[in-house]
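Not measured: the values here are computed from a predicted model. All values below were derived from every heavy atom in this structure, side-chain atoms included, with hydrogens, water molecules and symmetry-related copies excluded. When a ligand or atom number is given, it counts from 1 through the structure's own listing order.
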Amino acid sequence: MSSEAMLDLVERPRRLRRTAGLRAMVRETHLRPEDFIAPLFVVDGKPAPEEIASMPGVFRLNIKDLVKECRALSKLGVRAVALFPKMDSKLKDAEGTAALDEDGLILRAVRAVKQALPELAVVTDVALDPYTSHGHDGVLTDIADDVDNDRTVAILSEMAVLQAEAGVDIVAPSDMMDGRIGAIREALDAHDFADTAIMAYSAKFNSAYYGPFRDAVGSAKAAGTNTLSKATYQLDPANRRMAINEAALDEEEGADFIMVKPAGAYLDIIRELRDATTKPVAAYQVSGEYSQIHAAAKLGWLDLEKIRHESLLAIKRAGADLILTYFAKDMAKLLK
Ligand code: PBG
């Protein structure tokens, strides 16, 4: 810097960015393998892993392969997995009856994983969409004009108890019915599962980013082809205050974790809730966020590894303590 051009500055923030060592010293956010929860899809029978077309690198696994995958994740330092069933369409009906089958796919999967890896935390979804023929998260009213809130909550409570019996550490209601956290807490306690935690999908938005997931579990029907959309229960993406209200209610009703979903387009909500609650905040980087990054990388338009890292760093910086992400394994490998 020639002295005649020198500005009279007291502070020069660039001083701390001069070398890689200095930049590392002042870095505020760090990703660790234990930040991630890996969502995994499970199928019945013994099929070979089936890749989900819109989610490169994500497979539906049979129970044996699921256990193998869980072991690999655990070795890499990931502490939790979230399991989602892909049900045979023959088992689906309007009431989602298969959700309460005591020998159902997800319960068998939970038992297998917990038996092989007792230390790995298992999270299960509490919602009816993988089980209903119409793809909604609950059962419908008599005239099928809406999801019946209170009847759905009763079923979800039973579902949560079955999952607790199978050994899950955390049940995660993703249905967005009113009052479900309180009802599920009460049901768990009444059945002696006071130690089973609840991760509430508190701020779950009615998002177009769930598209690839609905392909993965076969619940696409309710996404828009139906006259009845999920907009009557999932949050309007335009609403911030309503998200805060939902989280406050879930906390009052006994939620142990508060979740925001999707993550990347809702960083403001993550920050709001991180500041509003003392509970751990989880954020779900959903299927569409994952697919978008892969698609752009495939076209050669974005750098997969860099965008992956930046997207997750942003979610953590916004305030997420935990991130559900399909990149969990890739990231854990990288960070190990
Ligand atoms: C529904 C559920 C959805 C996801 C997790 N649980 C989709 C929906 O509401 O239709 C989406 C996850 C993802 O997109 O990765 N219970």
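By the salt bridge (Lys or Arg N to Asp or Glu O under 4.0 Å) test, E253 pairs with no residue at all, sequence neighbours left out.
Looking from atom 14 (O) of ligand 1 to the surrounding protein, the closest heavy atom is S287 OG, 2.7 Å. Annotation: atom 10 (O) of ligand 1 to nearest protein heavy atom, R214 NE, 2.6 Å.
Residue D125 approaches ligand 1 through these ligand atoms, each under 4.0 Å from one of its heavy atoms: 6 (N), 16 (N). Those atoms of ligand 1 that come under 4.0 Å of a heavy atom in D129, given as number and element, are 1 (C), 2 (C), 16 (N). Residue-ligand proximity, K261 to ligand 1, at heavy-atom distances under 4.0 Å covers atoms 2 (C), 3 (C), 4 (C), 5 (C), 6 (N), 11 (C), 12 (C). Residue Y284 has at least one heavy-atom neighbour below 4.0 Å for each of these atoms of ligand 1: 12 (C), 15 (O).
In this structure, D169 contributes its side chain and V122 its backbone to a donor-acceptor pair below 3.5 Å.
Residues in residues 275-300 take part in these salt bridge (charged side-chain N to carboxylate O under 4.0 Å, His left out) pairs, two or more places apart or across chains: R271-D275.
Between K261 and Y209, every side-chain heavy-atom pair lies at or beyond the 4.5 Å cut-off. At least one side-chain heavy atom of L228 sits under 4.5 Å from a side-chain heavy atom of D146.
Checking F84, F41, F213, Y209 against atom 13 (C) of ligand 1, the nearest heavy atom belongs to F213.
When non-hydrogen atoms are compared, ligand 1 lies under 4.0 Å from the backbone of V286 as well as from its side chain. Contacts with ligand 1 closer than 4.0 Å are made by side-chain heavy atoms of A127 only, the backbone lying farther away. Neither the backbone nor the side chain of D175 comes within contact range of ligand 1; no heavy atom lies under 4.0 Å. The part of Y326 lying near ligand 1 is the side chain, judged by heavy-atom distances below 4.0 Å.
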Given T97 and D93, is the side chain to side chain donor-acceptor pair (under 3.5 Å) satisfied, shown in steps? CA-CA 7 Å; T97 317; D93 57 28; 2.4 Å; yes

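Under the 30°/60° scheme for interplanar angles, the aromatic rings of Y284 and Y326 are found to be tilted.
Ligand 1 has an N or O atom lying under 3.5 Å from an N or O atom of K230, backbone or side chain.
In this structure, K204 counts as a contact residue of ligand 1, since one of its heavy atoms falls inside 4.0 Å of the ligand.
A salt bridge does not link R317 with E28: every distance from a Lys NZ or Arg NE/NH1/NH2 to an Asp or Glu carboxylate oxygen is 4.0 Å or more.
Centroid-to-centroid, the aromatic rings of F327 and Y290 come within less than 6.0 Å.
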